[in-house]
Amino acid sequence: MLRRMATRVAFRFKHRRMKNVRKVIYGLTPPPRLANIGDHAQVVAIKRWIEVQRPGWPVIEIDKDLGPIVLSALRGLVGPGDLILLHSGGNLGDRGTWSETGRRALISAFPQYPVVSLPQTIHFSNTERGHQERARSIEVYGTHPRLTVLGRDPRSAELAAELFPRAVSFGCPDFVLSLPPSPGQKPRLESPRILACLRLDKESRMEESQRRELTQSLGASVVRFDTTFQKPIPVDQRSRLLDETLDRFRDVDAIVTDRYHGLIFAVLTRRPTVVLPTVDHKLTSAAHWFRGLEYVRFARDAREVPELLHTLLRTSAFETPDWNALYFQPLLNRIEEAGREKWGE
């Protein structure tokens with residue numbers, strides 16, 4: 001209790017002069033102990049985007065641990081014209097109740113101001129708990145008069161429109177795609193180095209024995225990697241560790257992954273990539289954004305991987321869309337225009 005009170009007091013003191021300053025409230029970012037470099041890569045990308053979209057505006061970042069503690073203090077800081085953003089990811093649903101509970105709290109706290117939930121994979125399981133969490137989110141989101149909920153894939157965009165009809169909603173790809181891509185580079189055909197970026201959690205369709213069998217089928221030069229690290233990711237080390245991760249992807253000839261950000265990192269580094277499905281639509285629906293990329297293929301299961309990889313290693317076409325021009329540069333204008341159309345503002 002005393003520690004929470006001290007944190008709240010320190011937060012108020014640190015931001016005491018921000019009340020009448022136009023600013024960005026950026027909530028529910030990953031704390032260091034949430035050591036998934038994909039989550040932290042989104043923070044890096046979103047903060048760079050904010051700098052372009054709102055140059056000179058200070059950013060108050062509130063991570064998932066801090067949010068419940070400082071919410072009352074935050075209410076006294078937010079004013080008209082501030083931009084309230086909620087972090088993106090894959091946790092709008094009953095598998096991410098920690099994040100979803102925080103999102104509901106922030107949405108409920110600011111009914112008088114626009115709130116934007118950045119691109120999320122939306123999935124509520126067909127279970128009693130899933131139905132309960134779904135109903136709770138529908139109730140909370142439905143009370144906010146100026147809420148925007150972005151889906152990170154077409155199916156999630158559909159779900160946002162179905163579940164939250166009062167909100168502005170549409171699809172937008174993952175923010176990490178806004179980072180600058182590497183030049184394309186032809187892979188080696190002899191003894192290619194393969195990075196197997198595979199999930200080790202409950203969202204994976206594979207058991208450990210199946211992962212071993214898959215990596216053995218790819219040949220000798222295979223390196224296993226997961227985007228969830230064994231150690232925390234300090235806030236001031238996000239960019240460095242992201243750069244090191246991207247270097248790891250650049251240094252191989254091809255990628256096999258069932259990680260959402262394994263795919264994103266592979267696209268940024270323009271490496272031939274075979275993508276495996278997870279337990280939901282996170283990757284299968286997100287395939288929409290990558291249609292037409294010659295160096296990316298989606299497999300139905302692990303048995304298809306060796307043949308697809310054999311084909312991709314012969315590719316020389318690494319053209320990539322200008323994700324910024326297509327989606328991220330116009331995003332705030334699109335949200336504002338959709339709000340005027342929907343709410344008459």
Side-chain angles (χ1 to χ4, degrees), residues 18-29 42 46 49-50 52-55 57-60 62 67 71 74-89 91-93 99-124 133-175 178 285 288 324-345:
M18 300 286 284
K19 181 173 177 59
N20 298 314
V21 176
R22 279 197 164 186
K23 57 193 169 292
V24 177
I25 309 299
Y26 177 22
L28 303 180
T29 58
Q42 290 174 87
I46 290 167
W49 173 76
I50 291 170
V52 173
Q53 297 294 317
R54 295 293 185 265
W57 286 30
V59 177
I60 298 179
I62 303 145
L71 188 56
L74 188 62
R75 285 193 187 98
L77 287 174
V78 177
D82 290 349
L83 180 59
I84 305 175
L85 303 174
L86 306 183
H87 187 56
S88 61
N91 50 50
L92 205 169
S99 302
E100 184 61 1
T101 299
R103 197 159 28 245
R104 292 171 190 152
L106 282 167
I107 290 169
S108 298
F110 301 106
Q112 69 275 46
Y113 302 119
V115 174
V116 177
S117 179
L118 294 172
Q120 282 284 343
T121 301
I122 302 174
H123 176 77
F124 291 94
E133 296 295 341
R134 181 177 179 270
R136 182 62 180 142
S137 290
I138 289 173
E139 178 187 359
V140 171
Y141 288 36
T143 62
H144 198 289
R146 290 186 290 173
L147 176 65
T148 298
V149 182
L150 302 180
R152 197 168 58 163
D153 59 84
R155 179 56 186 148
S156 294
E158 291 172 358
L159 285 169
E162 293 169 13
L163 300 175
F164 319 123
R166 192 177 185 183
V168 163
S169 59
F170 53 86
C172 180
D174 189 278
F175 256 91
S178 68
S285 182
H288 166 83
N324 272 310
L326 287 171
Y327 301 107
F328 302 110
Q329 290 171 6
L331 182 58
L332 286 182
N333 286 336
R334 185 179 177 188
I335 290 170
E336 289 170 2
E337 289 170 6
R340 285 193 291 269
E341 182 177 338
K342 194 171 189 76
W343 306 314
E345 299 179 357

Once ring-ring contact (aromatic ring centres under 6.0 Å, His included) is applied, do any residues pair with Tyr113, and if so which ones, sequence neighbours excluded? none
Hey, mind stepping through Val52 and Asn324 against side chain to side chain contact (heavy atoms under 4.5 Å, CB included) and telling me if it holds? CA-CA 11 Å; Val52 173; Asn324 272 310; over 6 Å; no
Which residue, Val59, Ile25, Leu332, forms the side-chain contact (heavy atoms from CB on, under 4.5 Å) with Leu83? Leu332
Non-hydrogen side-chain atoms of Phe124 and Ile138 separated by less than 4.5 Å: no
Looking at Ser156 and Gly151, would you say the former's side chain and the latter's main chain have a donor-acceptor pair under 3.5 Å? no
Just jot down the salt bridge (charged side-chain N to carboxylate O under 4.0 Å, His left out) partners of Arg136, sequence neighbours excluded, or say none. Glu139
From Lys342 atom NZ to Leu147 atom CG, the distance as rounded to the nearest 0.5 Å: 10.5 Å
Interatomic distance, CG@Leu106 vs NE2@His144, rounded to 0.5 Å, equals 10.0 Å
Can Ile107 and Tyr141 be said to form a side chain to side chain contact (heavy atoms under 4.5 Å, CB included), step by step? CA-CA 7 Å; Ile107 290 169; Tyr141 288 36; 3.6 Å; yes
So which heavy atom on Trp57 is nearest to which on Gly81, and how close? CH2-O, 3.3 Å
State which residues pass side chain to side chain contact (heavy atoms under 4.5 Å, CB included) with Ala157; sequence neighbours excluded, sorted by chain then number. none
Pro119 and side-chain contact (heavy atoms from CB on, under 4.5 Å): which single residue from Leu150, Asp153, Ile46 fits? Leu150
Does Gln112 offer a backbone N or O that forms a donor-acceptor pair with the side chain of Arg146 under 3.5 Å? yes
Evaluate Arg104 against Ser137 for side chain to side chain contact (heavy atoms under 4.5 Å, CB included), listing each step before the verdict. CA-CA 7 Å; Arg104 292 171 190 152; Ser137 290; 3.0 Å; yes
OH/Tyr26 to CD1/Ile84 distance, rounded to the nearest 0.5 angstrom? 14.5 Å
Nearest heavy atoms of Gly89 and Gln42, plus distance in Å: N-OE1, 3.4 Å
Starting at CD of Glu336, measure out to CG of Leu331 and round the result to the nearest 0.5 Å. 10.0 Å
Would you please name every residue forming a side chain to side chain contact (heavy atoms under 4.5 Å, CB included) with Pro58, sequence neighbours left out? Met18, Val21, Lys23
Calculate, to the nearest 0.5 Å, the distance between atoms CG and CG belonging to Leu86 and Leu118 respectively. 7.0 Å
Do the side chain of Lys19 and the main chain of Gly76 share a donor and acceptor less than 3.5 angstrom apart? yes
Mind checking ring-ring contact (aromatic ring centres under 6.0 Å, His included) for Phe110 and listing every partner two or more places apart, or none if nothing turns up? none
For residues 158-175, tabulate all N or O donor-acceptor pairs below 3.5 Å that involve a side-chain atom, not counting sequence neighbours.
from	atom 1	to	atom 2	distance (Å)
Glu158	OE1	Arg155	NH1	3.0
Glu162	OE2	Arg155	NH1	3.4
Arg166	NH1	Gly142	O	3.1
Asp174	OD1	Val176	N	2.9
Asp174	OD1	His261	NE2	3.2
Asp174	OD2	Arg152	NH1	2.9
Asp174	OD2	His261	NE2	3.0

Just by distance, no angles: are the side chains of Glu100 and Asn91 close enough, under 3.5 Å, to form a donor-acceptor pair? no
Taking all atoms of both residues into account, what is the closest heavy-atom pair of Gln120 and Ser117, and its distance? CG-OG, 4.2 Å
Can you give me the closest heavy-atom contact between Ala325 and Gln329, atom names plus distance? CA-OE1, 3.8 Å
